[in-house]
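Here the structure is laid out as structure tokens; the discussion comes afterwards.
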Protein chains: 2
Amino acid sequence: MTEHNETATRILDAAETLFAEQGFTETSLRSITARAKVNLAAVNYHFGSKEELVQAVFERFLTPFCRRLDKALDELMARSEQSTTPNLEGVFGVLARNMLSGVESARNDNKLSIFMRLLGLAYTQSQGHLRHYLREHYDATYRRFILLIHQSTPHVSPNELFWRIHFAVGAAVFTMGNVETLRAMALNDTHQDNTLENILDKLVPFVANALSEDRDH
Amino acid sequence: MTEHNETATRILDAAETLFAEQGFTETSLRSITARAKVNLAAVNYHFGSKEELVQAVFERFLTPFCRRLDKALDELMARSEQSTTPNLEGVFGVLARNMLSGVESARNDNKLSIFMRLLGLAYTQSQGHLRHYLREHYDATYRRFILLIHQSTPHVSPNELFWRIHFAVGAAVFTMGNVETLRAMALNDTHQDNTLENILDKLVPFVANALSEDRDH
DNA sequence: CGCTGATTCAAACAACCGTTTCAAACGACT
DNA sequence: AGTCGTTTGAAACGGTTGTTTGAATCAGCG
């Protein structure tokens, strides 16, 4: 699974980029192997099938991400042991810091964009096998995160919170996954270029405020 | 273009459903014509090509939608002539009522879901020709709507507002377009089934509040 | 060196794709 | 009836897809 193979890595790099740009089905194995400069048959040799390649792409960034997130959540809970309810900003801060932690240099902004775009595709492009795979491997961390958010906003009913969280997920996935397109539109409309940090600075309060808001519903 | 043809209508119905379920490239003309119970060549005969079929699917619901929306916005502006700034809830109410107007019966909830899912696909699946087509035909109404929202929230800067609007679009497209999936998850998590109206009742205040919020940014 | 197992390579495979062709069927008209 | 333009039908086209094959190449080791 997690061998440090030269060819396999090059395939994963190429696939990750092309999948994010074009989607899964519209990206052919031939275009992947051409970009990776490896032989066509290398994909089936190293990964078995195209479906397993898709899963491997997700695994490469989702597994370390969830491992780091789990550990960070452990620390957060240990620190706030006495106060039984963790606070929302803390939980979200942990998530945000984890998402940005893979992005050190300023110019691979697009790493985060690719990340979000792939997550969006996982929802949008049915790809039944992918949804099954993700549920099987990462559902535990997901549920734990949801539970913590719930505990940190006890005044919001579980059902109401569920939907607010997914409104927020939608806002994040949609905008971050289509950053280039939207940035171009914003440049036309408001004559102002936006760095990814700028956009995140608008997104985070949007989400935080909307999640905890105590509304009459 | 807008002929009331039996065969063409059946193709559009089938294509609309299958596109929303599977995406454009993963839906073959053969599966469309099989579902529509027409001959394979009928698509190329009536629409020219698959690309033009995709555009026709969008045109069938986007053209009447924008026509109704434009007229409703006319009335709104005429009614509030003296007060130079229209109010946000009014503008959004017009949009929401227009979106639901095509959905009379309770059980074609999924009409709206299909609508939103297709809109999401238009962003997600690059399909350069589609983006070009949509811009060329519906950009005027889009810009008019954005302008009205801007006038109704003068305390928010144009650039900030642009991004908030697209956060909202993301939240709407993502959740409404994946209603079935999310509804199943909600049923597991909160043991509560949700009608589409219930979800809209949560989404609308979420969006409205987040758009007009006067934040320090 | 000579052998063994892992990896690469060019080539081919069957299946499917969107599109085209052309004959058959149809409906409307004089 | 017979002719016309329109629509349907079955079949085939060239091209692309994911996958498989079998020989060539490589690395490691006795």
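So that the names make sense, note that chain A is the first sequence line, chain B the second, and so on, each numbered from 1.
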Can you name the residues that form a salt bridge (Lys or Arg N to Asp or Glu O under 4.0 Å) with B:R144, not counting sequence neighbours? B:D70, B:D74
Restricting to salt bridge (Lys or Arg N to Asp or Glu O under 4.0 Å), what partner residues turn up for B:D13, sequence neighbours left out? B:R60
Can you list everything that forms a ring pair (Phe, Tyr, Trp, His ring centres under 6.0 Å) with A:Y133? Sequence neighbours excluded, please. A:H137
Listed by chain and number, what are the ring pair (Phe, Tyr, Trp, His ring centres under 6.0 Å) partners of A:H132, not counting sequence neighbours? none
Looking at C:dT8, I'd like to know if its phosphate oxygens (OP1 or OP2) sit under 4.0 Å from a side-chain N or O belonging to A:H46. yes
Is any side-chain heavy atom of A:E21 less than 4.5 Å from a side-chain heavy atom of A:T17? yes
Rounded off to whole Å, could you give me the [atom1]-to-[atom2] distance for the [X] and [N] pair?
X     : N      : atom1 : atom2 : answer
B:Y45 : C:dT21 : OH    : C1'   : 14 Å
A:I11 : C:dT7  : CD1   : P     : 12 Å
A:K37 : C:dC9  : NZ    : C1'   : 18 Å

Reading 5' to 3' through nucleotides 11-28 of chain D, protein heavy-atom contacts under 4.0 Å coded B for base, S for sugar-phosphate only, - for none: -B----BBBBB-------
Do any side-chain atoms of residues 36-44 of chain A form donor-acceptor pairs under 3.5 angstrom with protein atoms, and if so which ones, sequence neighbours left out?
residue	atom	partner	partner atom	Å
A:N39	OD1	A:A41	N	3.0
A:N44	ND2	A:G48	O	3.4

